[in-house]
Amino acid sequence: MAVATQSLEELCINSIRFLAIDAVEKAKSGHPGLPMGAAPMAFVLWDQFMRFNPKNPSWFNRDRFVLSAGHGSMLQYALLYLTGYDSVTIEDIKQFRQWGSKTPGHPENFETPGVEVTTGPLGQGIANAVGLAMAEAHLAARFNKPDAKIVDHYTYVILGDGCNMEGVSGEAASFAGHLGLGKLIALYDDNHISIDGSTDVAFTEDVSKRFEAYGWHVLHVENGNTDLEAIAKAIEAAKAVTDKPTMIKVTTTIGYGSPNKANTAGVHGAALGPEEVALTRKELKWEHEPFVIPQDVLDHTLKAVERGANYEVEWNKAVAEYKAKYPQEAAEFERYLSGKLPEDWDQVLPTYTAGDKGLPTRKHSETCLNKLATVLPELIGGSADLTHSNLTELKGKGDFQKGQYQNPNIHFGVREHAMGAICNGIGLHGSGLISYGATFLIFTDYMRAAIRLSALSQVGAIWVMTHDSIGQGEDGPTHQPIETLASLRAIPNLTVIRPADGNECSGAYKVAITKAKQNAPTLLAFTRQAVPNLAGTSVENVAKGAYTLVDCQGTPDIILIGTGSEVSLCVTAGEKLTAEGKKVRVVSMPSTDLFEAQDAAYKESVLPKAVTKRLAVEAACSFGWHKYVGIEGDTVSIDRFGASAPGGVCMEKFGFSVDNVLAKAKALLG
């Protein structure tokens, strides 16, 4: 390399380092070590390989970049600023980690255009990246033609030791290797330091051999601090391997350039301090004031703006040619990207009349999914090795496997946590795909971080959860959710729906699909046991969260509130109370989240304050229900772990029977 070129590259790399150093120093908070060590690999990747358009961060065919080691967020903000993204200005960098800034402590996709996914908890990012790569593979297989390619981009990741320690990354990497995702390239920042010090205290495995065992192509750059040519050659070699993902282990020095703190835990998560910053400036020959970038650097890095515009122009031409040759496929592709639903899509959802044969709501869910798949080809997902229990297979649609990426049925294996993060990645791809992931409701505990992040990251994922109560039966307490619904309802922006019968299942899916296109997740909780179809339930009323199912003349003496399989108990108990001369209202409340979104007048019409005798019935813990029953009300609930017995026996023994609901109601009425 010519000396002048090398000098410019060094300036660019040090610009990244000092933007991170200065921002962390000003904030007196942050993680400067990773950006200082990973700056060379990040610069080579963004400068020589990545295709993106800074002036249109959502350009569809861009390469996706994920900083899985999200604590090093200043690395990404520096790259966004230097390459000309309007979303990150020098003032934003000066406001790192401050209220209202576009540069929060960890990358947030909903805060900063150019950030693809939210990477706070370690390991989530690499798992999200698997989802991004799967989305690219699926769409390429669906839409590309031998003479026309409109979906063609890579997913790049920088991950750290912490990501590789977290189990979710292992789950996701194993799955990516199985699928042979050749356009997924991960650069592993191998710096041997975590918060507790040297990784030797807890992490001594051979990561390269582990990834080889997963089925990845593995490379090693031994000097990631200065050997830019080796980094570039490794990325080129990774792109040449098309039948498996690549992990490039790049050995670096955390806090590179800091005379006293490099290669120590002290530089991992704290500002260097004024004295060490001065010494680092001297060590790296950086003669510029804080937040000042040499014009030579900007002249070079901002060339990304022109390159990006040209990339998009070229792609638009390719799309126009594709549209002329394949108008039907082009129309569908454009609908995907628009985020629009087909007209009258919801008309395929079935409706039921009272007296129909009772079925488990998981069976109604299967019917809904398969009906929706006939009009929504963007639906893609599957189960964590419980397909025939969750009933999530899209019949006749084929399995998503290596070489068969066009198919929508994903077999995630026993990998609940990775499934959640992968579904989030698919949903954040920006291609209009609707992802869904399924398991037993109790195992949301294994994937709670991903579910929470779907709500935080504004992902339109659909979480399909079956076996929703002690009615699960013989598998016993380990498989019977008790506190699960309450804990999920506590997650902001997540809509939890527990439908009572076939009509409410259809209504639940109508809400879920609508919210998916609004970038909001929904969790659906379905029964294992059969439930009757009830008179008065409706598809439309589910969107209100709660509604009057059975009413009386005048002001009720008591209101019975039920969800899911327990609504039928309330209806029957209400009939018996009515026969005894009581005025009873039965309310079905499939979603407290949706009910809370209604206006005060509607909520008063369903649960009038004047009626203080209220009984909530749900085969789950009582936590949260006192908001609706008040101090004069009560619950039929379960505040202990379940038991191993047939589901019907469990329900009876724990008080979920008409007789017990009736007894509790009478006790309230005095």
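Remember, it's a predicted structure, so these values are computed and weren't measured experimentally.
- In this structure, the side chain of Thr484 does not engage the main chain of Pro481 through any donor-acceptor pair within 3.5 Å.
- Within the structure, every pair that satisfies the side chain to side chain donor-acceptor pair (under 3.5 Å) test and touches residues 163-175, not counting sequence neighbours, is listed here: Ser174-Arg415.
- Residue pairs meeting the salt bridge (Lys or Arg N to Asp or Glu O under 4.0 Å) criterion with at least one member in residues 68-77: none, sequence neighbours excluded.
- Within a 6.0 Å radius of NZ in Lys239, more than 12 heavy atoms belonging to other residues, nucleotides or ligands are found.
- The aromatic rings of His268 and His31 sit perpendicular to each other, their planes meeting at more than 60°, with 30° as the lower class boundary.
- Partners of Asp161 by side chain to side chain contact (heavy atoms under 4.5 Å, CB included), not counting sequence neighbours, listed by chain and number: Met165, Tyr188, Asp190, Asn191, Thr199, Phe203.
- A ring-centre distance under 6.0 Å is not found for Tyr156 and Phe65.
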Open item on the list: Apply salt bridge (Lys or Arg N to Asp or Glu O under 4.0 Å) to residues Arg142 and Glu329 and explain how you reach the verdict.
Closed with: CA-CA 9 Å; Arg142 285 284 304 277; Glu329 291 92 333; over 6 Å; no
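- The side chain to side chain contact (heavy atoms under 4.5 Å, CB included) test with Trp463 singles out one residue from Leu524, Leu494, Thr522, and that residue is Leu494.
- Minimum interatomic distance between Val130 and Ala172 (heavy atoms only, all atoms of both residues): CG2-O, 3.8 Å.
- Close placement of the His429 and Phe60 rings is indicated, their centers lying within 6.0 Å of each other.
- Between Phe412 and Phe175, the angle of the ring planes lies from 30° to 60°, which puts this pair in the tilted group.
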